[in-house]
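Heads up, the thing below is written out as structure tokens.
All ligand and atom numbering here is 1-based and tracks the order in the structure. This is a predicted model, so every value here is computed, not measured.
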Amino acid sequence: MTNQSISQDALDTLISLAQLDIDDSHAYRQAIEHVKEEPIRSRLNEFRADHERHIQTLSQMIRKYGGEPPEYSLDFKGYFLTGYTALRGITGTEGALKAMHTNETMTVSRYDAAVHQEMPEDAHALISRNLADERLHLAYITTALDDRLWEK
Ligand SMILES: [Fe+2]
């Protein structure tokens, strides 16, 4: 396996992960609007920033291997491309966290599948680092829901 070549399957996976991170970033933007508690907002803002970093680093990796990264527009048009749970109609912190729990569960499972795929070494390392971030996001949201953190 060389660092200079990539299969079409592996490149498609990088592109679909970038799209997933775009959707995650938009979903966090929506979710955060429903959260009043500052400590929770600030964690969710950190997670959104992680997703934006993933979008940038995945896009660089996709270009390096000759692919075209998905478009990332900040003006969110109200739909998701990766089968997201819509945040439309949710209210309050609990609803926002539940929606993001569903979304982050899917994100972890998509990254976990990608980390087992054949991939150039640098792409594999990037996916592993991102997966570690995603596991932290999901762990925080799971604990926040279990502890009903917004009531404290
Ligand atoms: Fe995440």
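Within E134, the N, O or S atom at minimum distance from the Fe ion (ligand 1) carries the name OE1. Distances from the Fe ion (ligand 1) to the N/O/S atoms of H51 are shortest for NE2. No other N/O/S atom of E104 lies as close to the Fe ion (ligand 1) as OE2 does. Its N, O or S atom nearest to the Fe ion (ligand 1) is what matters here, and for H137 that atom is ND1.
For the 3.5 Å distance criterion, the side chains of T91 and H34 fail to qualify, holding no donor opposite an acceptor. In this structure, a donor-acceptor pair under 3.5 Å is absent between the side chains of E134 and N130.
Look at D21 and the Fe ion (ligand 1): no N/O/S atom of the residue is under 2.8 Å from the metal. Residue side and main chain included, D24 places no N/O/S atom under 2.8 Å of the Fe ion (ligand 1).
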Set out, in order, the CA-CA distance, both residues' side-chain angles and the distance that settles ring-ring contact (aromatic ring centres under 6.0 Å, His included) for Y140 and H101, then state yes or no. CA-CA 9 Å; Y140 171 81; H101 187 272; over 10 Å; no
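H54 and H137 have parallel rings, their planes meeting at less than 30° on a 0 to 90° scale where 60° marks the start of perpendicular.
For CD of E151, the number of neighbouring non-hydrogen atoms (other residues, nucleotides, ligands) closer than 6.0 Å is greater than 12.
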